[in-house]
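Residue numbers begin at 1 in each chain, while the letters A, B, ... track the order of the sequences.
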Protein chains: 2
Amino acid sequence: MTPQVKETKEILKSHNLKSTPQRVVIYEVMKKLGHASADTIYQEIKSQFHTMTVATVYNVLDSFVGAGLLHRRMSSNNKMYFDVNTYTHCHLYSPETNVYVDYDDSELIRMVGEHLKKRKITNFELTDIDIQLVGNIKQS
Amino acid sequence: MTPQVKETKEILKSHNLKSTPQRVVIYEVMKKLGHASADTIYQEIKSQFHTMTVATVYNVLDSFVGAGLLHRRMSSNNKMYFDVNTYTHCHLYSPETNVYVDYDDSELIRMVGEHLKKRKITNFELTDIDIQLVGNIKQS
DNA sequence: CTTCATGCAAAACATTTGCAAAAAG
DNA sequence: CTTTTTGCAAATGTTTTGCATGAAG
């Protein structure tokens with residue numbers, strides 16, 4: 001067992017999730033990819049793990065989201081995307097390629113949060129701020 | 001022809017869209033609802049317009065999005081939503097009920113825009129800012 | 001007239017469900 | 001041993017496609 005796998009098993013345990021080979025592999029892939037759709041994960045895994053089906057991928061991802069291990073996002077190509085980073089952060093999003101890139105900007109988050117606190121929106125209880133910067137991501 | 005319909009026809013023409021009864025009705029419904037899914041529009045219309053099918057609703061909505069008359073959004077129940085307000089604005093979104101409410105806050109948009117201008121994100125060409133405030137929308 | 005939009009049925013696609021078998025703790 | 005997860009196949013729901021007919025300009 002590699003140290004990464006050991007770490008993943010501990011993360012699962014600390015989120016009250018039973019450790020199964022499927023869960024371990026899927027979490028490893030998510031760590032590698034950062035953002036991915038269920039099908040991307042399935043394609044990535046199925047060659048080494050030929051008993052797995054998409055249904056299991058969805059099952060596992062759902063359990064992760066429920067436990068707060070992943071966040072779920074929706075993209076304009078009509079697919080769910082999952083995100084390993086669960087702290088509040090922004091995204092660069094390219095509608096052309098359906099690529100998400102994390103954009104960390106704690107000052108922006110803080111600034112928006114403070115602004116909203118002052119605004120006191122009526123009949124609304126804020127739980128999360130989701131800022132998406134839409135545009136063209138150029139490869140470097 | 002009511003004045004609203006006349007106005008809708010002019011809007012269509014000014015966006016280089018041929019005026020058809022279907023397009024007129026769908027745009028009227030969108031103006032009334034603000035945000036809606038294709039199926040909501042279909043349900044709203046089919047009783048008065050029994051030749052129309054969902055395919056046509058999608059067709060019409062696509063042509064509107066292409067012409068910049070509507071914006072397309074994705075919600076966490078895995079459905080497209082269409083939005084009549086095409087200027088940059090924020091949304092309150094309730095994941096429980098899948099309800100969107102427009103939240104106009106020009107100061108917030110301006111503030112975020114200026115912050116991002118200063119940041120100069122590398123390898124990224126910004127075209128739109130999408131701010132979604134997730135939480136609980138209470139009925140007033 | 002010529003081009004573009006509509007209606008229809010069927011296909012495609014992502015996601016979910018139900019249930020029996022297997023694995024985890 | 002008990003509970004939860006997996007694998008499978010089939011179902012569901014939304015969006016898209018292809019093509020013939022009809023309407024718009």
Side-chain angles (χ1 to χ4, degrees), chain A residues 1 5 8-27 35-67 69-70 72-82 95 98, chain B residues 1 5 8-27 35-67 69-70 72-82 95 98:
Chain A
M1 177 161 47
V5 169
T8 295
K9 287 191 169 193
E10 277 159 16
I11 290 171
L12 292 176
K13 184 176 255 181
S14 73
H15 284 79
N16 292 313
L17 291 166
K18 281 187 182 175
S19 170
T20 68
Q22 293 84 344
R23 285 179 172 171
V24 171
V25 174
I26 290 174
Y27 190 68
H35 309 85
S37 68
D39 191 60
T40 301
I41 294 166
Y42 176 61
Q43 298 304 330
E44 189 85 3
I45 289 171
K46 70 171 178 191
S47 57
Q48 321 146 37
F49 222 115
H50 51 76
T51 71
M52 181 137 28
T53 61
V54 251
T56 301
V57 176
Y58 280 103
N59 253 331
V60 169
L61 291 171
D62 283 352
S63 70
F64 286 2
V65 171
L69 242 188
L70 298 179
R72 186 190 265 119
R73 304 184 59 72
M74 245 47 210
S75 84
S76 60
N77 67 341
N78 204 29
K79 269 186 180 174
M80 294 176 173
Y81 276 70
F82 297 84
N98 282 298
Chain B
M1 175 162 47
V5 170
T8 296
K9 288 192 170 194
E10 277 160 15
I11 291 172
L12 293 176
K13 185 177 253 180
S14 73
H15 284 78
N16 291 314
L17 291 166
K18 281 187 182 175
S19 171
T20 67
Q22 293 85 344
R23 285 180 173 171
V24 171
V25 174
I26 289 175
Y27 190 68
H35 309 87
S37 69
D39 191 60
T40 303
I41 294 166
Y42 176 61
Q43 298 303 330
E44 189 85 3
I45 290 172
K46 71 173 177 188
S47 57
Q48 321 146 35
F49 222 117
H50 50 76
T51 71
M52 181 135 31
T53 61
V54 250
T56 301
V57 176
Y58 280 103
N59 253 332
V60 168
L61 291 171
D62 283 351
S63 70
F64 286 2
V65 172
L69 243 186
L70 298 179
R72 183 191 267 119
R73 305 184 57 74
M74 244 50 211
S75 84
S76 61
N77 69 340
N78 204 31
K79 267 187 179 175
M80 294 175 172
Y81 277 71
F82 297 85
N98 281 301

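One interatomic measurement links the two molecules: NZ of B:K9 to C1' of D:dG25, which rounds to 12 Å at whole-angstrom precision. Spacing between atom CZ of A:F82 and atom P of C:dA14 amounts to 13 Å, rounded to whole angstrom units. Here the P atom of nucleotide D:dT14 and the CE atom of B:M74 are 12 Å apart, to the nearest Å. Per the geometry, CG belonging to A:D39 stands 11 Å off P belonging to C:dC13, to the nearest Å. At whole-Å resolution of the value, CG in A:N77 and C1' in D:dT14 are 14 Å apart. Taking atom CG on A:D62 and atom C1' on D:dT4, their separation rounds to 15 Å, with Å as the unit. For A:Y81 and C:dA14, the OH to C1' distance is 12 Å, given to the nearest whole Å. As rounded to whole Å, 17 Å separates atom C1' of D:dG13 from atom NZ of A:K79.
Using a 4.0 Å heavy-atom distance criterion, A:S37 is classed as making no nucleic acid contact.
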For every nucleotide of nucleotides 5-11 of chain D, 5' to 3': is a protein heavy atom under 4.0 Å from its base (B), only from its sugar-phosphate (S), or from neither (-)?
-> SBBBB--
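Remark: the backbone N or O of A:K18 is paired with a side-chain donor or acceptor of A:R23 at under 3.5 angstrom.
Side-chain contact between B:M74 and B:M80: present, with at least one pair of heavy atoms (C-beta onward) separated by less than 4.5 Å. With a 4.5 Å cut-off on side-chain heavy atoms, B:Y81 and B:T40 do not count as touching.
Of the two residues near DNA chain C, A:S19 and A:V54, the one whose nearest nucleotide lies more 5' is A:V54.
Between the side chains of B:S75 and B:N77, at least one donor-acceptor pair of N or O atoms lies under 3.5 Å.
Shown here for A:H15 and A:A67, the closest heavy-atom pair between the two residues is CD2-O, 3.2 Å.
By the side chain to side chain donor-acceptor pair (under 3.5 Å) test, B:K46 is found to be paired with B:Q43, residues two or more places apart in sequence or in another chain being considered.
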